[in-house]
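Remarks on the structure that follows.
The structure displayed is predicted, hence computed values, not measured ones. Along the sequence shown, the residues carry numbers beginning at 1.
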Amino acid sequence: MRTVAFVEGVRTPFGKAGDKGMYAGTRADDLVVNAIRELLRRHPELPPERVDEVAIAATTQTGDQGLTIGRTAALLAGLPKSVPGFAIDRMCAGAMTAVTTAASGIGFGAYDIAIAGGVEHMGRHPMGEGVDPNPRIIADKLVDPTALVMGQTAENLHDRFPAITKQRTDAYAARSQERYAEAVKTGKIGPELVPVATRSKELGWGLATEDEPPRPGTTVEQLANLKTPFRPFGRVTAGNAAGLNDGATASILADEETARELGLPVAMRLVGYSFAGVEPEVMGIGPVPATEKLFKRTGLTIDDIGLFEINEAFAVQVLAFLDHFGIDDEDPRVNQWGGAIACGHPLASSGVRLMTQLARQFAERPDVRYGMTTMCIGIGMGGTVIWENPAYNGLQGAK
């Protein structure tokens, strides 16, 4: 097996879904095309014809997110017609699965270089648009009816873990907003963003250069007063969960020897990955068994992980992971630049956002050897990827 390198990841600014969002008049495929083009622009040392595969994820594969979007995006981005592509779907972990699938091909020797990412335009294509779930899923009691509503699964997680109170989730959400705002202010978040031309019937042409969802200055007191739409007197609100968002991500993966040959940077090395299934009605606990499974395969433990990027679909889901592994709610290793509660979660694109942030953190932290990207997945799954820092100097930090 060959060593798989994460070269670089980029993303569009994330927008709010809906008629008033900044991407209301922008096609979904154009979002991911912008990201791919930016990768090629940043790496002129990569001959386009050397790209062996383009894997692009979308949860709702219809309209401008359909038609085998990996292939059509490759053509629209200007890659040679000889470069193939495909579409992939694992709901929230679409981009994560695009990366692990393409990386597996590289490790096996089928590819030398691949582009992997994801896109979700939830304004044009709300989650579940056009689907026709088999009635036996409910009638045969294969899953609880709440399993098909993500907000209700988060409420179920609160039920299962009563120690995770609304006060804790609100406090976590406020910290996410604070950490994100600080990361933007200090330039930690920004260099990975791809400007996107936008169009509005009312405002005309514009340029998206920053994330739209963040609410800097959010306080716990403000969050405490928000409605609980999924259950009367519930605990899940718009403030302690990610919103409905539009955006795209893309990354370059390569065999490490090929990357060195071409002069491509090596930002991370893939150590391993794992996906696991859980009861769909508590899908937020998915990262726990996925991570335990991966530790068993790699021989690593939670003490070996120096940085965590955990997707913040819901604050309760992050806290369930932290509690399981005995990690403090405010641990500085966890989502140190904030997360999806602040910047947004355009479903199938988010996995590469986590990886991109981890790669940039690795460059600043030669004392950290291993980092983790992990996320819960709709219909009851979790996914975890462990990465190694090529800048690790063997000194202080995680083992």
Side-chain angles (χ1 to χ4, degrees), residues 1 4 6 9 53 55-59 61 70 86-108 110 114 116-118 120 127 137 142-143 147-148 150 153-154 157 242 249 251 253 268-302 304-305 308-314 317-318 320-322 324-325 339-340 345-356 358 370-388:
M1 295 294 289
V4 180
F6 183 95
E53 189 69 273
I56 300 298
T59 301
Q61 295 191 9
F86 64 97
I88 201 162
D89 171 28
R90 201 196 294 263
M91 295 195 76
C92 304
M96 176 179 279
T97 306
V99 167
T100 57
T101 301
S104 297
I106 293 170
F108 183 74
E120 209 73 52
M127 185 169 63
I137 292 177
L142 299 178
V143 302
L148 302 180
M150 298 302 102
T153 69
L157 206 57
T249 59
S251 63
L253 307 169
M268 301 193 293
R269 296 189 186 98
L270 179 64
V271 176
Y273 66 88
S274 182
F275 294 92
V278 297
E279 299 99 322
E281 58 269 25
V282 285
M283 66 95 194
I285 200 63
V288 169
T291 301
E292 294 282 19
K293 188 176 180 181
L294 186 52
F295 283 155
K296 186 175 180 180
R297 287 180 172 175
T298 60
L300 298 174
T301 72
I302 199 70
D304 293 308
I305 308 302
F308 296 83
E309 279 294 320
I310 306 173
N311 192 47
E312 297 172 354
F314 300 94
Q317 151 252 318
V318 178
F321 180 91
L322 298 184
H324 176 85
F325 288 105
H345 173 31
L347 302 183
S349 68
S350 288
V352 166
R353 179 190 68 81
L354 302 177
M355 296 169 190
T356 299
L358 180 62
Y370 296 112
M372 174 185 292
T373 55
T374 187
M375 61 200 314
C376 62
I377 309 166
I379 317 298
M381 293 179 282
T384 300
V385 187
I386 293 178
W387 302 89
E388 184 179 23

Quick one: which residue pairs count as a side chain to side chain donor-acceptor pair (under 3.5 Å) with a foot in residues 268-278, not counting sequence neighbours? S104-Y273, E256-R269

Set of side chain to side chain contact (heavy atoms under 4.5 Å, CB included) partners for [X], sequence neighbours left out:
| X | answer |
| --- | --- |
| T373 | M96, E309, L354, M355, L358, V385, W387 |
| A320 | L157, F161, I164, I285 |
| A340 | A242, N311, E312, H345, R353 |
| M91 | T59, D89, M127, I377, I379 |

Nearest 0.5 Å, please: how far is [atom2] in [Y] from [atom1] in [X]?
| X | Y | atom1 | atom2 | result |
| --- | --- | --- | --- | --- |
| D304 | F295 | CG | CZ | 7.5 Å |
| L148 | E281 | CG | CD | 10.0 Å |
| F86 | I56 | CZ | CD1 | 9.0 Å |
| L253 | T101 | CG | OG1 | 10.5 Å |

Heavy-atom pair of closest approach, residues C376 and A313: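 Reported closest heavy-atom pair: SG-CB, 3.9 Å.
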
Shortest non-hydrogen pair, A55 vs A98, comes out as O-CB, 3.7 Å

Just so I know, are the side chains of [X] and [Y] near enough to count as touching, which here means a heavy-atom distance under 4.5 Å?
| X | Y | answer |
| --- | --- | --- |
| M375 | P287 | no |
| R90 | M381 | yes |
| T153 | P280 | no |
| I310 | F321 | yes |

Using the rule given for side-chain contact (heavy atoms from CB on, under 4.5 Å), can you reason through L300 versus V271, listing the C-alpha separation, both sets of side-chain angles and the distance that settles it, and then say yes or no? CA-CA 10 Å; L300 298 174; V271 176; 4.3 Å; yes

Report the C-alpha distance between T249 and S349 in whole Å, list the side-chain angles of each, state the deciding distance to 0.1 Å, and finish with yes or no for side chain to side chain donor-acceptor pair (under 3.5 Å). CA-CA 5 Å; T249 59; S349 68; 4.9 Å; no

Might you work through the side-chain contact (heavy atoms from CB on, under 4.5 Å) test for F325 and T291, ending with a clear yes or no? CA-CA 10 Å; F325 288 105; T291 301; 3.7 Å; yes

Short question: side chain of T100, backbone of T97 - any donor-acceptor pair under 3.5 Å?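 Present.
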
Ignoring hydrogens and geometry, is there a side-chain-to-backbone donor-acceptor pair from T384 to T374 under 3.5 Å?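 Answer holds: no.
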
Between F275 and K293, is the side-chain contact (heavy atoms from CB on, under 4.5 Å) condition met? List the steps. CA-CA 8 Å; F275 294 92; K293 188 176 180 181; 6.0 Å; no

Evaluate the criterion side-chain contact (heavy atoms from CB on, under 4.5 Å) for residue pair Q317 and M283; output intermediate values, then yes/no. CA-CA 9 Å; Q317 151 252 318; M283 66 95 194; over 6 Å; no

Using ring-ring contact (aromatic ring centres under 6.0 Å, His included) as the criterion, list what pairs up with F308, not counting sequence neighbours. none

